[in-house]
Structures are given as C-alpha cells and as structure tokens.
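Keep in mind that what you see is a predicted model, and the values were worked out from it rather than measured. Numbers here simply count residues along the sequence, with the first being 1.
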Amino acid sequence: MKFEVLRNLEHDAVLYVKREWADLFGDKIKSVGSGSHIPVDGTGLIDLTEEQAKALPAGVVKPYVPLEEAKPEPKKAKAKPAPEEK
C-alpha cells in the first residue's frame, strides 16, 4: 500500500523524504543506522504494509490518495438570512 511521506523516513536502506524537500538532499546521504551512504527517494511516497505503517510514530506517513480518487468535500448550503420585519 502506498503512503505519503510526511517526515523523513529511513526504510530498507533508502531515505524517503517529502517531495518538497527532495532538492535539499543529494542522490545519496549517510545512513543514521549503518553509517553507509544510501540513496534518497524524493518522490514523497513509500510502499509499506498496514502493519509497518502502524508501527511508525504518528505523523511520519499517511495513506496516499491520488488526486483522481480524492473526493471533494460537499459544499455546505449557506443559510439565507431571515427577512426583516417592519
């Protein structure tokens, strides 16, 4: 299942970053876990199972919903003002 990256996440020897932050990183970066250089994925998306995503701290990823599938919220009808009495 695809998830949107909200905060930097090192997973399976790849650093996943938000799309907006991709330009801040090069193609490779030093791993926090192993100390070796790992690739940077700046797509803003990561494939995880539901169990893997649930194990992460809150605010790291959220389920990805493509724009084509996103449904706009229904518009609320504006209440008409009551007519003034004379």
query: Among the clusters formed by ILVMFWY side chains lying less than 4.5 Å apart, do V32 and I38 turn up in the same one?
result: no

- request: Determine, using the 4.5 Å side-chain heavy-atom cutoff (strictly less than), whether L6 and Y64 are members of one ILVMFWY cluster.
  value: no

query: Going by the salt bridge (charged side-chain N to carboxylate O under 4.0 Å, His left out) test, which pairs reach into residues 23-46, not counting sequence neighbours?
result: none

field: From CG (N8) to CZ (F25), nearest 0.5 Å
entry: 4.0 Å

Atom of A13, atom of P39 and distance for their closest heavy-atom approach: O-CD, 3.4 Å

query: Mind checking what makes side-chain contact (heavy atoms from CB on, under 4.5 Å) contact with D47, not counting sequence neighbours?
result: K2

- prompt: What's in the same ILVMFWY side-chain cluster as V60, cut-off under 4.5 Å, chained through other members?
  reply: M1, F3, V5, L9, V14, Y16, I46, L48, L56, V61

field: Nearest heavy atoms of R7 and P57, plus distance in Å
entry: NH2-CB, 4.4 Å

task: Report the distance from atom NZ of K18 to atom CG of L24, rounding to the nearest 0.5 Å.
output: 11.0 Å

